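Indexing begins at 1, ligand by ligand and atom by atom, following the structure's order. Because the structure is predicted, anything quoted here is derived from the model rather than measured.
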Amino acid sequence: MVDVQIARRGVHDVNVLNAMRQVPREAFVEPGLEEFAYEDGPLPIGEGQTISQPYIVALMIEAAEVKPGDRVLEVGAGSGYAAAVLSRIAGKVYAIERHPALAEIARARLAALGYDNVELRIGDGTGGAPDAAPFDAILVAASGPKVPQALKEQLAIGGRLVIPVSEQRWQQSLRKITRTSQAEYREEDLGAVSFVPLIGKQGWAENGERSASNHVPGRSRGHTLPEMIAHEAEPLPGLDEPAFGALFDRFAGKRVVLLGEASHGTSEFYRARGAITRRLIGKHGFSIIAVEADWPDAAAVDRYVRHRAARAQTERAFQRFPTWMWRNTEVAAFIEWLRSHNGTLAAERRAGFYGLDLYNMSGSIAAVLEYLDKVDPAAAAIARERYACLTPWQKEPSTYGRAVLTANYRKCEQVVIEQCRDLLSKRLEYARQDSEGFLDAAQNARLVASAERYYRVMYYGGAESWNLRDTHMFETLDHLLEARGPDSKAVVWAHNSHIGDARYTEMGIVREELNVGQLCRERFGDQVALIGFGTHTGTVAAAHDWGADMQVMRVRPSHPNSYERVCHDSGVPRFLLDLQEDPAVRKRLIEPRLERFIGVIYRPDTEIMSHYAESSLAKQFDAFVWFDETTAVTPLGPERPAPGVPDTYPFAL
Ligand code: SAM
C-alpha cells in the first residue's frame with residue numbers, strides 16, 4: 001500500500017512513509033471490512049463517517065511538515081487511524097472527535113496498540129484545544145466553509161495548519177496555512193479533495209447550513225460548478241427523435257467513436273448508443289460496431305444482421321451469465337434496425353457487429369474446429385489434439401489457472417499459440433476459399449490464445465489479467481479496422497471503465513491498469529472520441545454476485561462528492577456536455593472527484609467501496625452524456641421468435 005498508493009503518487013517524506021508502514025490499518029476499520037483496509041479508498045466507520053483514504057492521510061501529514069518531537073492537533077479523529085500515524089512521528093498528539101461512540105472506539109484501539117502519546121478528546125474541534133496550544137501542526141479531517149479562526153490562533157509561529165475548505169459543499173480544496181508571525185499567515189492551495197463536513201461552531205450546522213458564527217452577509221456565491229454545467233449542457237432531444245443522433249454529428253469525422261455506459265443494465269444507455277450508432281452508420285459511413293461481448297456470440301448476431309448463413313452447429317448467442325447484458329429488448333431493437341438497414345446495401349457495404357471480449361473460450365474453440373473441418377480437415381485433426389489440452393476447463397475456465405499452478409496440470413500456452421500461428425500462416429490459402437470465414441476463425445484462434453493466458457494470470461488477480469483483457473479487446477478492434485480497409489470507421493460500445501482513458505482514473509494511477517480508451521488514444525490520437533455516460537438515480541438490472549439471478553435494483557442517489565452529484569445539481573435532466581468546448585468548465589471538471597461504476601454486479605450496501613473511484617472526468621472523456629433518472633433494461637423472455645423470423649435469429653433459444 002505504501003509503495004504503490006502513497007510513495008508512487010508523490011509522498012516522499014521518510015518519516016511519513018515509515019509511520020504509515022508501522023500502523024496496522026486493519027485495526028482501524030470495522031469488523032468485516034479488513035479485506036479493504038489496504039485499498040486506497042475511504043471506508044465507513046459508523047455514524048455516517050469514514051476513515052480517510054491512506055494517500056490523503058499521508059499527503060496531509062507531509063504537507064503539515066510534522067517532525068519528530070512536534071506537538072500536533074488533529075480535528076476529526078474518526079477511527080483514530082490518522083492520529084495513530086501522527087503519533088509515530090510527533091512527540092504528542094491531541095485528537096478531537098465530536099461523535100462520542102467513535103471517540104471511545106478510537107481510544108480503545110490506540111490503547112490496544114500501546115500508542116500512549118495520543119490524547120483523545122470528545123467535542124467540537126473547531127474551537128481547537130486552547131489549553132494544549134500552541135501547536136506545531138494542526139490537521140483537520142473534515143471540510144468546513146472557512147478556516148476556523150481559533151485554529152489559526154492556536155498555531156505556534158512557524159506552525160502549519162492543513163484543512164479542507166468548501167465554500168460550496170460540492171467543491172472543496174485542501175489549504176495549508178503557515179503562521180509566519182504573530183499576526184501574519186501565508187496560505188497555499190493544495191488542490192481538490194473530498195471530505196465529510198466539519199460540523200460545529202466554526203464549521204457547518206447539522207442541517208448543512210453555514211453556522212451562524214460563520215455567516216458572512218452579502219458574500220457573493222459566484223458561479224457554481226452545477227451552474228456552469230447547466231449553462232454549457234446541451235439538452236437531449238427524445239431518444240427516438242432524429243435530432244438525438246444529429247447532436248452527435250460533431251464526432252462523425254473520427255475514426256473510432258467509443259460510447260460508454262455507467263452500468264451494464266440501464267435502458268437509456270443502450271437506447272442512446274443505439275440512436276447515436278444509427279446516425280453514424282446511416283449518415284456518416286461507419287461500418288463496424290464493436291461491443292464488449294464475446295466474439296463467437298456477437299458473430300451469431302453479425303451473421304444475422306449481414307444476412308449471412310448461420311453456422312452449421314450454431315450455439316445460440318449470449319446464453320451464459322450475464323445474459324441480460326445483450327439479450328434485452330433494447331439490443332434486439334437495434335439489431336433489427338441494423339438488419340433491415342443492411343438489407344438495402346450491397347453485401348460488402350453492410351455494417352458488421354463484432355465482439356471484443358474473450359470469455360467464451362469454448363465457443364471460440366468450437367468455431368475454429370468447425371472452420372478447419374470445412375477448409376482443411378487434416379489441420380482440423382491437429383487443432384483438435386491441441387485444444388484437447390483445454391478440454392477439462394472449457395466449462396469452468398476460471399479454475400484452469402489454479403489447477404495449472406497448484407496441481408501441476410499441463411500448461412496449454414504453447415499449443416494454443418502454435419495453433420493460432422499455423423492458422424494465420426495459411427491466411428492466403430484459406431482466405432481464397434472463404435475470406436469472411438477466415439477472419440472469424442483467425443479471431444477465434446487469437447481469442448483462445450488470449451483466453452488461455454487470461455485465465456492463467458487471473459488466478460493472481462490484479463492488473464495483469466485486466467490489462468491482458470483490454471489489450472485483447474483493443475487488438476481485436478485494430479484487426480477489424482485493418483480488415484475493413486484504411487477508410488473504415490468504428491463505433492465501440494463498452495463500459496465507462498473500458499472507454500474512459502484509464503490514465504486519468506484511480507485504476508490507471510493507483511492500480512496501473514490500462515484500457516481500450518487509453519490504447520485507442522495512444523494509437524489514433526485525436527481521431528478518437530471517448531464519450532462517457534452517467535446517471536444520478538433510478539433502477540438498474542444487475543446481480544448481487546457473479547452468477548446470481550438478475551434483479552431490478554434501485555440505484556442510490558449519487559454521492560455528494562461525485563461528478564454525478566454536480567451533474568444532478570445542474571438541474572438539467574438529460575444532456576450532452578462537450579468537455580472540449582468551454583475551457584472554464586473543462587478546468588473545473590479536471591479536478592478529481594468520485595465517479596460511479598456499476599457493472600453486472602451492483603451492491604448498494606457497500607456502494608462507496610464497491611462502485612466509486614476517483615477520476616478526472618474531463619481528461620477521461622471528450623464528452624459526457626447525462627440522464628438524471630434511468631430505468632433498468634428489459635431482458636428478453638424465454639419465448640421463441642415470432643413465426644417468420646429467420647433461423648439465424650441469434651436471440652432464439
Ligand atoms: N482522521 C480520521 C481517520 O483517520 O479515521 C478521519 C475521520 S472522518 C474523514 C472525519 C471525522 O471528523 C468524522 O469522524 C467526524 O465525526 C469528525 N468531525 C466532523 N466535525 C467535527 C468537529 N467539529 N469536531 C470534531 N470532529 C468532527
Side-chain angles (χ1 to χ4, degrees), residues 1 6 16 19-20 23-30 33 36-38 40-61 63-64 66 72-88 93-110 113 115 118-129 137-151 154 162-166 169 172 174 193-208 210-211 213-214 559-561 594 608:
M1 177 187 88
I6 298 173
V16 178
M20 299 284 296
V23 177
R25 193 166 189 252
E26 69 277 15
F28 292 86
V29 301
E30 294 200 314
L33 294 180
F36 299 109
Y38 291 95
D40 194 39
L43 293 173
I45 54 176
E47 307 287 346
Q49 304 301 320
T50 52
I51 176 173
S52 304
Q53 187 184 354
Y55 167 66
I56 288 289
V57 172
L59 179 81
M60 288 180 74
I61 301 177
V66 177
V72 178
L73 172 68
E74 195 209 6
V75 176
S79 67
Y81 175 68
V85 178
L86 283 166
S87 78
R88 300 302 85 204
V93 179
Y94 295 84
I96 312 180
E97 170 55 49
R98 65 185 283 271
H99 282 293
L102 296 182
E104 291 303 343
I105 301 173
R107 239 181 225 152
R109 285 170 176 153
L110 291 161
L113 288 165
Y115 297 170
V118 185
E119 184 178 318
L120 219 150
R121 300 179 173 188
I122 299 173
D124 173 10
T126 60
I138 302 178
L139 285 84
V140 183
S143 176
K146 64 172 224 173
V147 182
Q149 189 58 27
L151 298 184
Q154 287 170 33
V162 177
I163 177 172
V165 176
S166 42
R169 293 200 80 168
Q172 305 177 3
L174 193 63
V193 283
S194 68
F195 277 85
V196 297
L198 180 71
I199 295 179
K201 246 176 141 178
Q202 295 194 43
W204 301 99
E206 288 276 3
N207 63 8
R210 223 173 253 247
S211 284
S213 58
N214 264 314
H559 191 279
N561 297 332
L594 295 176
I608 181 76

Seminar exercise, completed: Phe195 and Asn561 have their tightest heavy-atom pair at O-ND2, 3.9 Å
Exercise. Is there a donor-acceptor pair closer than 3.5 Å between any side-chain N or O of Gln154 and the backbone N or O of Ala129?
Worked result: yes
Exercise. Counting only heavy atoms, which portion of Val57 has something under 4.0 Å from ligand 1: side chain, backbone, both, or neither?
Worked result: neither
Problem set entry | Non-hydrogen atoms of Ile122 and Ala103 that approach each other most closely | CG1-CB, 3.5 Å
Seminar exercise, completed: Ranked by distance from atom 5 (O) of ligand 1, the top protein heavy atom is Ser79 OG, 2.6 Å
For this session: Ignoring angles and geometry beyond distance, decide whether Ala141 reaches within less than 3.5 Å of ligand 1 through its nitrogen or oxygen atoms.
Result: no
Exercise. Can you tell me if Arg121 uses its side chain to pair, donor with acceptor, with the backbone of Tyr94 under 3.5 Å?
Worked result: no
Seminar exercise, completed: For atom 8 (S) of ligand 1, the closest protein heavy atom turns out to be Thr50 O, 2.9 Å
For this session: Would you mind listing which atoms of ligand 1 come within a distance below 4.0 Å of any non-hydrogen atom of Leu198?
Result: 20 (N), 21 (C), 22 (C), 23 (N)
Exercise. Any donor-acceptor pair under 3.5 Å linking the side chain of Glu74 with the backbone of Val93?
Worked result: no
Exercise. Please state which protein non-hydrogen atom is closest to atom 13 (C) of ligand 1 and give its distance, to 0.1 Å?
Worked result: Gln49 OE1, 3.2 Å
For this session: Show which atoms of ligand 1 fall inside a sub-4.0 Å distance from at least one heavy-atom site of Leu102.
Result: 14 (O)
Problem set entry | atom 16 (O) of ligand 1: the protein heavy-atom neighbour that sits closest, reported with distance to 0.1 Å | Glu97 OE2, 2.7 Å
Exercise. Would you say Gly203 touches ligand 1, if touching means a heavy atom closer than 4.0 Å?
Worked result: no
For this session: Mind checking the CG-CD spacing from Leu102 to Glu97? Nearest 0.5 Å is all I need.
Result: 5.0 Å
For this session: Could you tell me which atoms of ligand 1, counted from 1 in the order shown, lie closer than 4.0 angstrom to a heavy atom of Ile96?
Result: 25 (C), 26 (N)
Problem set entry | ligand 1 atoms in contact with Thr126 (distance to a heavy atom under 4.0 Å) | 23 (N)
Problem set entry | Residue, atom name and distance, where the atom is the protein heavy atom closest to atom 6 (C) of ligand 1 | Ser52 OG, 3.3 Å
Exercise. Which atom names give the shortest non-hydrogen contact between Thr126 and Ala150, and what distance separates them?
Worked result: O-CB, 3.8 Å
For this session: Grab the two heavy atoms, one from Gly128 and one from Leu151, that are nearest each other, plus how far apart they are.
Result: CA-CD2, 3.5 Å
Exercise. Nearest to atom 19 (C) of ligand 1 by heavy atom, Pro197, Gly123, Gly125, Gly76: which?
Worked result: Pro197
For this session: Heavy atoms only: give me the nearest Gly203-Pro145 pair and the separation to one decimal.
Result: C-CD, 3.6 Å
Exercise. For ligand 1, is Glu74 a contact, meaning one of its heavy atoms is under 4.0 Å away?
Worked result: yes
For this session: Classify the contact between Ala77 and ligand 1 as side chain, backbone, both or neither, using a heavy-atom distance cut-off of under 4.0 Å.
Result: backbone
Exercise. Under a 4.5 Å cut-off applied to non-hydrogen side-chain atoms, are Pro24 and Leu113 in contact?
Worked result: yes
Problem set entry | For atom 4 (O) of ligand 1, the protein heavy atom that lies nearest, with its residue and separation | Ala82 N, 3.2 Å
Exercise. Identify the closest protein heavy atom to atom 22 (C) of ligand 1: which residue and atom is it, and at what distance?
Worked result: Ile199 O, 3.4 Å
Exercise. Which one of Met60, His99, Arg121, Arg98 has a non-hydrogen atom at the shortest distance from atom 21 (C) of ligand 1?
Worked result: Arg98
Exercise. Looking at Lys201 and Asp124, what are the two nearest heavy atoms and their distance?
Worked result: N-OD2, 2.8 Å
